[in-house]
Amino acid sequence: MKLLFEKDIHGSNSFSFPEPNIPDTVDVAIPEEFLRTSRLGIPELAEVETVRHYTALSKLAFGVDDGSYPLGSCTMKYSPKICESIAQLPGFADIHPYQSPLTVQGALKLLDELQEVLAQLTGTDRFTLQPAAGAHGELCGIMIVRAYHKSRGTDGQRRVVLVPDSAHGTNPATASAVGYQVRVVKSGQDGLVDLDDLKSKLGDDIAALMLTNPNTVGLFEKNILEISRLVHESGGLLYYDGANLNAIVGVARPGDMGFDVCHVNLHKTFATPHGGGGPGAGGVGVKEFLAPFLPSPTIERDEDGFYSFGTNLPESIGKIKTFYGNFGVCVKAYTYIRLLGYDGLRAVAQNSVLNANYLKKTLSEYYDIPFDVICKHEFVATNARQAKKGIRTLDIAKRLIDFGYHPPTIYFPLIVGEAMMFEPTETESKERLDELASAMKTIAEECENEPDRVKGAPYTTVIGRVDETLAARKPILKYTIE
Ligand SMILES: *Cc1c(COP(=O)(O)O)cnc(C)c1O
């Protein structure tokens, strides 16, 4: 092997490349008839052109690093960058799931401690970090519910999962995927579960009730202990959709409210940005009596503090994810929890609730608020006042883009017509909330005085309004070359 840089005998530097060791014929395993005969028709560009192309694209996107992003239920809050740095440390990023547990004791310790602290925060006894998203956590949790009923011989009889009409769409989808019939429970005028309707739907065919609390209109189910008692009395279990834990982390615990199973989106509350289809984590916690059904393998620690994978679990629902979940997301969550500590997490909840109520109060001057009571981390407004001028919620959301904000979640939850769901998050300062409120005020004035301006928005983006339904139904996924 020759060196790349060699001093020649005259002492000057010259380049000397090693002889390329390419044989005349290459013995490839691919048979001749399958070999490509023409060039691959992909564009070949210089690095500089490629970098400029992607940089230009990245400037078209809007993220939390650009400004406020009050997308209700999705919790687009700022995640400390240190969490990313820690997750990228070679000891975390460069390990392989096929390595022997002997060589990854630190990683297993981290997962074990994260499970422990999440169990503490949710008031459950055992936790798994396998599920890769909220919906996946629900799947895991409802499979555990079904395994429990099977073990008691009640699976054939208990065929129904109750879901309130305010629930996230993943709840009924999950129940159906696990083979259950979905029975919808109505919300009352106050936006909370209608207790009479719930009572009329309970019976010995109920496997579980899936509930989000605070619910998707941002309200705390104040009757939760009564709901829990009723469901348990009928022999059903209580499932907690903890996709968004921001309003209650460090303040209240699903386990204390009577829930038996819950999932938590690490990518909404614990330092991984939600959205964009990136990796998530939807860990599931259960009360002790459901622990035998948790997915395998579990992480076990022996008396000497040695970690290993537990696989001798006869009643387990089995493996629901390759390897052990999205480890990087777990590292970020662990870092975030250690960074903030218990008091810091509690402050997250308190500030997210304070910010939502401050914004709600400010906006209530210009927009209708269907449930104008103290909310938790998010609240719903509507276009009721602006509708008189023919303005739809979509128009208001599109106009907000021109002011440099990401719009709130719109047309969800379904129980409120023309909903705009704002979740300001705890990471926005009072100044930013005032700016956002002032933009919403300007839009309300425009709706009054020049409604067509609002109907034509946005004006500052490369693409204006697209047919989102068509884009979802008939996506063009193929790259074509002119
Ligand atoms: C986001 C969310 C989910 C689903 O979580 P994913 O990680 O997107 O699958 C479920 N329920 C509620 C209430 C949510 O806000």
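Whatever order the structure lists them in is the order used to number ligands and atoms, beginning at 1.
Salt bridge present: Lys81 and Asp65 bring a charged side-chain N and a carboxylate O closer than 4.0 Å. A salt bridge is absent between Asp125 and Lys287: the closest approach of a Lys/Arg side-chain nitrogen to an acidic carboxylate oxygen does not fall below 4.0 angstrom. Salt-bridge annotation for Arg183 and Asp205: present, with a side-chain N of the basic residue lying under 4.0 Å from a carboxylate O of the acidic one.
The heavy-atom pair separating Ile396 from Cys447 by the smallest distance is CG1-SG, 4.4 Å.
Not close to ligand 1: His136, with no non-hydrogen atom less than 4.0 angstrom away.
Counting heavy atoms under 4.0 Å from ligand 1, residue Asn244 does not touch it at all. Residue contacts with ligand 1, taken as heavy atom pairs separated by less than 4.0 Å, involve Ala133 via backbone and side-chain atoms alike.
Taking any N or O of Thr212, backbone or side chain, none lies under 3.5 Å from an N or O belonging to ligand 1. Looking at ligand 1, you'll find an N or O of Gly134 within less than 3.5 Å of one of its N or O atoms. Considering backbone and side-chain atoms together, Asn171 places no N or O closer than 3.5 Å to any N or O of ligand 1. At a 3.5 angstrom cut-off on N or O pairs, Lys268 counts as close to ligand 1.
At the top of the distance list for atom 8 (O) of ligand 1, counting protein heavy atoms only, stands His274 NE2, 3.5 Å. Protein heavy atom in closest approach to atom 4 (C) of ligand 1: His168 CE1, 3.8 Å. The protein heavy atom nearest to atom 5 (O) of ligand 1 is Asn265 ND2, 3.1 Å. Looking at atom 9 (O) of ligand 1, its nearest protein heavy atom turns out to be Ala135 N, 2.8 Å. Summary of contacts: the protein heavy atom closest to atom 11 (N) of ligand 1 is Asp241 OD2, 2.6 Å.
Ring centroid separation for the pair Phe270 and Tyr334 does not come in under the 6.0 Å cut-off.
No donor-acceptor pair closer than 3.5 Å links the side chain of Glu426 to the backbone N or O of Gln350.
Heavy-atom contacts of Ser73 reach the following atoms of ligand 1: 15 (O) (cutoff under 4.0 Å). Listed by number with element, the atoms of ligand 1 under 4.0 angstrom from any heavy atom of Glu138 are 10 (C), 11 (N).
Each salt bridge (charged side-chain N to carboxylate O under 4.0 Å, His left out) pair with one or both residues in residues 234-257, not counting sequence neighbours, appears once here: Arg253-Asp256.
Screening Glu138, His168, His263 against Thr174 for a side chain to side chain donor-acceptor pair (under 3.5 Å) leaves a single residue, Glu138.
Looking at residues two or more places apart in sequence or on another chain, you find a side chain to side chain contact (heavy atoms under 4.5 Å, CB included) between Asp402 and Arg399, Ala457, Pro458, Tyr459, Thr460.
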